[in-house]
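Worth knowing before you read on, the calculation uses all heavy atoms, side chains too, and leaves out hydrogens, waters and symmetry mates.
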Number of protein chains: 2
Amino acid sequence: MTEPTHAVDPVRLRAYFALIEVSGLLRHAIEQQLQADGDLTFVRFQILRRLQLSPAGRQRMTDLADAIVFSRSGLTYQAGLLEKVGLVVRNPSPDDERGVTIAITDAGRALVDAVMPGHEAVVDRLLFSQLSQDDARTLTALLTPVRDHMREAPPRSARPRRARS
Amino acid sequence: MTEPTHAVDPVRLRAYFALIEVSGLLRHAIEQQLQADGDLTFVRFQILRRLQLSPAGRQRMTDLADAIVFSRSGLTYQAGLLEKVGLVVRNPSPDDERGVTIAITDAGRALVDAVMPGHEAVVDRLLFSQLSQDDARTLTALLTPVRDHMREAPPRSARPRRARS
DNA sequence: TATTGTTATACTCTATAACTATA
DNA sequence: TATAGTTATAGAGTATAACAATA
């Protein structure tokens with residue numbers, strides 16, 4: 001029997017797997033709700049929500065790709081779908097001629113608003129029915145620093161080219 | 001401006017979005033690690049891990065499909081891939097001739113073991129570097145009842161046929 | 001020369017429905 | 001008749017690489 005390099009910490013393992021499992025089940029349910037109530041996928045909902053929370057409802061493509069964890073081409077694809085339906089518009093960035101700015105439209109905001117009640121209902125039923133207000137606060141307190149830490153080195157959608165040897 | 005139907009609870013909303021965001025970023029990082037260290041996708045890793053934790057390392061196909069949140073055909077597909085590489089085997093269930101039992105092989109267990117150290121390293125770096133042991137315990141305590149509640153009505157991979165009118 | 005975004009392409013995954021076999 | 005699992009099929013989503021335009 002090989003000497004274990006380090007004992008697996010069961011406490012952490014349990015926390016990790018609980019997190020993965022809960023979020024997986026939650027996301028599955030959410031995707032069905034978004035599809036039914038707004039003909040939206042989860043990814044497109046995230047894009048819209050992030051734009052809605054951005055100042056002036058707009059963001060640079062690459063920044064948004066990083067935020068949603070995507071390749072740039074993936075975002076181009078999703079943005080194309082959203083634009084075709086009138087939920088977002090793309091325009092050249094004013095400061096950088098190479099850049100493109102994506103902005104949520106009134107229709108986009110309206111759709112997010114329309115979908116939110118049902119969305120919250122699902123989240124309430126699955127997640128918060130088991131958590132008190134204090135629990136929710138605790139959860140946020142635990143996860144916020146984690147998120148900030150993860151965001152410090154976001155998965156870059158535009159990978160820097162490897163230095164030539 | 002329309003009257004809001006009900007005030008959105010910001011505490012819950014924050015907790016929910018923090019959870020979604022953290023798990024999304026975590027999963028993205030995990031997928032890369034599993035791919036690099038074991039040529040595994042996250043889904044296939046979950047299947048193997050669940051089998052490994054099962055008594056005798058085996059489970060019924062439909063039960064496993066429910067657990068991983070999948071259609072039965074999706075599991076058949078993934079099981080086929082895993083079986084082709086010798087990480088699992090499928091056999092007819094002894095008690096129910098219709099059923100199929102999927103079991104993890106020694107090679108499957110070995111691969112999970114081989115992948116776990118790197119796996120934990122990623123989780124430690126992204127998640128637990130920001131959480132104390134107590135925090136981890138708290139997180140588990142919060143999420144375990146949530147998971148149990150969600151599992152009470154699992155998304156049935158085999159949806160019961162709707163009653164005819 | 002590096003970076004932004006798009007396009008072309010190839011591939012993986014997923015679900016639905018039809019089908020077979022057993023309960 | 002209902003359930004377990006597979007198969008056929010079709011569609012959506014993703015990433016990589018090549019490309020055009022700007023910095």
Return the value, rounded to whole Å, for the distance between atom [atom1] of [X] and atom [atom2] of [N].
X	N	atom1	atom2	result
B:D96	D:dA2	CG	C1'	12 Å
A:L75	C:dT6	CG	P	8 Å
A:Q46	D:dT14	CD	P	10 Å
B:Q35	C:dT12	CD	P	10 Å
A:R27	D:dG13	CZ	P	11 Å
A:I47	D:dG13	CD1	P	10 Å
B:L40	C:dC13	CG	C1'	16 Å
A:R60	C:dT6	CZ	P	11 Å

Think [X] has a side-chain N or O under 4.0 angstrom from the OP1 or OP2 of [N]?
X	N	value
A:R72	D:dA15	no
A:R98	D:dA20	no
A:Q78	D:dA12	no

Confirm from the modelled atom types if B:T62 and D:dA4 form a donor-acceptor pair under 3.5 Å, side chain to base only.
no
Is it the case that the base of D:dT16 and the side chain of A:S73 share a donor-acceptor contact (distance under 3.5 Å, atom types as modelled)?
yes
Ring centers of B:Y16, A:H119 separated by less than 6.0 Å:
yes
Assess whether a salt bridge exists between B:E120 and A:R12, defined as any Lys/Arg side-chain N lying under 4.0 Å from an Asp/Glu carboxylate O.
no
Would you mind telling me which residue lines up with the more 5' stretch of DNA chain D, A:E97 or A:R44, judged by nearest nucleotide?
A:R44
If you look at every strand shown and take non-hydrogen atoms under 4.0 Å, does [X] touch a base, only sugar-phosphate, or nothing?
X	result
B:L64	nothing
A:G74	nothing
B:S93	nothing
B:I102	nothing

Using the rule that Ile, Leu, Val, Met, Phe, Trp and Tyr join whenever any side-chain heavy atoms are under 4.5 Å apart, tell me whether B:I102 and B:Y77 fall into a single cluster.
no
The side chain of B:Y77 lies closest to which of these nucleotides: D:dT6, D:dG13, C:dC13?
C:dC13
Checking C:dC13, D:dA15, D:dT6 against the side chain of B:T76 (C-beta onward), the nearest is D:dT6
Regarding B:S132 and B:D135, do their side chains bring together a donor and an acceptor under 3.5 Å, going by distance alone?
yes
Are the side chain of A:S54 and the backbone N or O of A:G57 linked by a donor-acceptor pair below 3.5 Å?
no
